[in-house]
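Right, one structure below, let's go through it.
Any value given below was found using the heavy atoms of this structure, including those in side chains, with hydrogens, waters and symmetry copies removed.
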Amino acid sequence: VYSNDQHHQHHDIEPLPNGNVLILAWEKRTKAEAIAAGRKPNTVSDQGIFPDTVVEVKQTGPTTGEVVWSWSTWDHLIQDHDSSKANYGDVAAHPEKIDINLNPRPCIDWMHTNGIDYNPELDQIVLSARSYNEIIVIDHSPSSEAAATSSGGQAGHGGDILFRWGNPANYRAGSPEDMTLFQQHDARWVHAGHPGAGNITIFNNGSNRPSGQYSSVDEITPPLNSNGSYRIASGKAFKPKAPHWSYTAPNTTDFYSSFISGAERLPNGNTLICDGPNGFFFEV
């Protein structure tokens, strides 16, 4: 159990090949800490803000474990609101950082990260940040110390964001019209040996989708380099511009799951989909 008055696990876990477990958790930051980090004061609740962190736990007994690795959003922030505060810089020039003024509601659950997955071939982690309408890939190979910096690890970028997709406006590389994810869940890599291996599938819930309230399962092919980094042109958004494959119902609004839900590529190339609120599973 990873929970006390400073941190609280939530939403998802990911067992690793070595027997350890990745845990997705909130860490508590006070209102004063958030403002000092550059968050606009009127967007912070009196309870503060709870950015997400990932911890890797080694099992030491039936109910015990030891944290052997960690990564924190708080170490990878940027803001252009107040030059007198920490993390000040050019948001558009740093897509590898998270703008602390995203999701400007005074809500403690700032990111609402609802899913975590691990790729053993790349030694990378993908997170689904629902409140950002975006998925985020980070490197698991750096040490905890290096993961708090912008150097180290196989890709050479420490714990900075390696790849992000779904809402390029978050790093000033697009407008709201360029958003492709809408309160998504369950980003995961297609397993090695399965058709589409190395691609990422996402349950795109579709809440507030401009073309209508409907869900899709989207598959993207990230622009991966040989060293585990990802290609991006200066001032541009990460590719791809659109999914490699997408499933919607023939009458799109017949399939709409506003929350939870997920999808997984099967060994035969089909995709198993869970419509969570309705408790309905189907294979396409």
Kindly indicate, with the supporting measurements, whether the criterion side-chain hydrogen bond (donor to acceptor under 3.5 Å, both in side chains) is fulfilled by D82 and S84.
CA-CA 5 Å; D82 190 337; S84 70; 2.6 Å; yes
Is there a path of hydrophobic side-chain contacts, each under 4.5 Å between heavy atoms of I/L/V/M/F/W/Y residues, joining L22 to W74?
yes
Does any non-hydrogen side-chain atom of I273 lie less than 4.5 Å from one of F281?
no
Taking only Lys NZ, Arg NE, NH1 and NH2, and the carboxylate oxygens of Asp or Glu, determine whether R29 and E27 approach each other closer than 4.0 Å.
yes
Just to verify, which of N204, T248, T201 counts as forming a side chain to side chain donor-acceptor pair (under 3.5 Å) with D218?
N204
Do L16 and I125 sit in the same hydrophobic cluster, where Ile, Leu, Val, Met, Phe, Trp and Tyr count as joined when their side-chain heavy atoms come under 4.5 Å apart?
yes
Pairwise side-chain contact, Q183 with S258, heavy-atom cut-off 4.5 Å (strictly under):
no
Over all atoms of both residues, closest heavy-atom pair of N133 and N167
O-CB, 3.3 Å
So if you build clusters from Ile, Leu, Val, Met, Phe, Trp, Tyr with side-chain heavy-atom gaps below 4.5 Å, do V21 and V55 land together?
yes
Atom of G38, atom of N101 and distance for their closest heavy-atom approach:
O-ND2, 3.1 Å
Strictly distance-based, threshold 3.5 Å: is any side-chain N or O of N170 a donor or acceptor partner for the main-chain N or O of Y132?
yes
Are side-chain heavy atoms of T180 and E134 found at a separation under 4.5 Å?
no
State the OG-CH2 distance between S144 and W69, to the nearest 0.5 angstrom.
7.0 Å
Modelled atom types, side-chain donor and acceptor of E283 and N270, under 3.5 Å:
yes
Indicate yes or no: does D80 engage R172 in a salt bridge with an N to O separation below 4.0 Å.
yes
Distance (rounded to the nearest 0.5 Å) between T53 OG1 and Q9 CD:
12.5 Å
Could you work out, with side-chain hydrogen bond (donor to acceptor under 3.5 Å, both in side chains) as the rule, every residue matching H140, not counting sequence neighbours?
E56, D123
For R105, I'd like to know if atom CZ has over 12 heavy atoms of other residues, nucleotides or ligands within 6.0 Å.
no
Quick one about H81 and Q79 (side-chain donor to acceptor, distance below 3.5 Å, no hydrogens or angles considered), yes or no?
no
If you look at every heavy atom in S207 and F182, which pair is closest and at what distance?
O-CB, 3.3 Å
Between E66 and V57 (side chain of the first, backbone of the second, donor and acceptor by atom type, cut-off under 3.5 Å), is there such a pair?
no
For G235 against A173, the heavy-atom pair lying closest together
O-CB, 4.2 Å
Test log, rule side-chain contact (heavy atoms from CB on, under 4.5 Å), inputs T30 and Q47:
CA-CA 7 Å; T30 65; Q47 294 174 284; over 6 Å; no
Side-chain contact test, heavy atoms from C-beta onward, threshold under 4.5 Å: evaluate it for H194 versus P267 and give yes or no.
yes
Derivation and outcome, salt bridge (charged side-chain N to carboxylate O under 4.0 Å, His left out), residues D99 and K97
CA-CA 6 Å; D99 183 356; K97 303 290 187 181; over 6 Å; no
Does the separation of the ring centres of Y2 and W26 fall below 6.0 angstrom?
no
Hey, are E219 and R265 close enough for a salt bridge, meaning a charged N less than 4.0 Å from a carboxylate O?
yes
Could you go step by step and tell me if N199 and T221 meet the side-chain hydrogen bond (donor to acceptor under 3.5 Å, both in side chains) rule?
CA-CA 5 Å; N199 290 346; T221 304; 3.0 Å; yes
Look at the side chain of N205 and the backbone N and O of I260, then say whether any donor-acceptor pair between them is shorter than 3.5 Å.
yes
Please test T60 against T64 for side-chain hydrogen bond (donor to acceptor under 3.5 Å, both in side chains), starting from the C-alpha separation and ending with a verdict.
CA-CA 5 Å; T60 58; T64 58; 2.7 Å; yes
Please confirm whether the backbone N or O of W110 pairs with a side-chain atom of N103, one donor and one acceptor, at under 3.5 Å?
yes
Measuring only between side-chain heavy atoms, which start at C-beta, is V54 closer than 4.5 Å to L127?
yes
From CA spacing to verdict: side-chain contact (heavy atoms from CB on, under 4.5 Å), W71, I138:
CA-CA 9 Å; W71 174 91; I138 60 172; 3.5 Å; yes
hydrophobic_cluster_shared for Y118 and L24, side chain cutoff 4.5 Å:
yes
Checking S216 against R209: is there a side-chain donor and acceptor pair closer than 3.5 Å?
yes
Establish, from distance only, whether the side-chain atoms of R231 and N225 form a donor-acceptor pair under 3.5 Å.
yes
Does this structure show an ion pair linking K31 with D46, if we count only N-O contacts that are shorter than 4.0 Å?
yes
Between H76 and D160, a side-chain donor and acceptor under 3.5 Å:
yes
Going through the checks in order, is the side-chain contact (heavy atoms from CB on, under 4.5 Å) test met by T253 and N251?
CA-CA 6 Å; T253 55; N251 179 24; 3.9 Å; yes
Taking C-beta and beyond as the side chain, do P106 and V44 meet within less than 4.5 Å on heavy atoms?
no
Would you call E264 and H191 a side-chain contact if the rule is heavy atoms closer than 4.5 Å?
yes
Kindly indicate, with the supporting measurements, whether the criterion side-chain contact (heavy atoms from CB on, under 4.5 Å) is fulfilled by E145 and T149.
CA-CA 7 Å; E145 293 74 20; T149 73; over 6 Å; no
When rounded to the nearest 0.5 Å, the distance separating CZ of F50 from SG of C107 is 10.0 Å
Residues two or more places apart in sequence or in another chain: which of them pass side-chain hydrogen bond (donor to acceptor under 3.5 Å, both in side chains) with E14?
none
Minimum heavy-atom distance between A34 and I100, given as atom pair plus value:
O-CD1, 3.9 Å
Audit row: S261, H185, side-chain hydrogen bond (donor to acceptor under 3.5 Å, both in side chains) steps and yes/no:
CA-CA 7 Å; S261 308; H185 286 71; over 6 Å; no
Given side chains that start at C-beta, do those of Q184 and F203 come closer than 4.5 Å, heavy atoms only?
no
Under a side-chain separation threshold of 4.5 Å, the hydrophobic residues clustered together with I135 are L122, V126, V137, L162, F163, W165, Y171, L181, W189, I200, I202, I220, L224, Y230, I232, F238
Ring-plane angle category for F282 and F280, please: parallel below 30°, perpendicular beyond 60°, tilted otherwise.
parallel
How long is the span from the NE2 atom in H11 to the CD1 atom in I23, to the nearest 0.5 Å?
15.0 Å
Hey, what do you get for CG (L77) to CD1 (I98), rounding to the nearest 0.5 Å?
7.0 Å
Residue K58 excluded, over 12 heavy atoms near NZ under 6.0 Å
no
Considering all heavy atoms of both residues, which atom of T271 and which atom of V217 are nearest to each other, and what is their separation?
CG2-CG1, 4.3 Å
With rounding to the nearest 0.5 Å, note down the distance linking OG in S128 to NE2 in H112.
8.5 Å
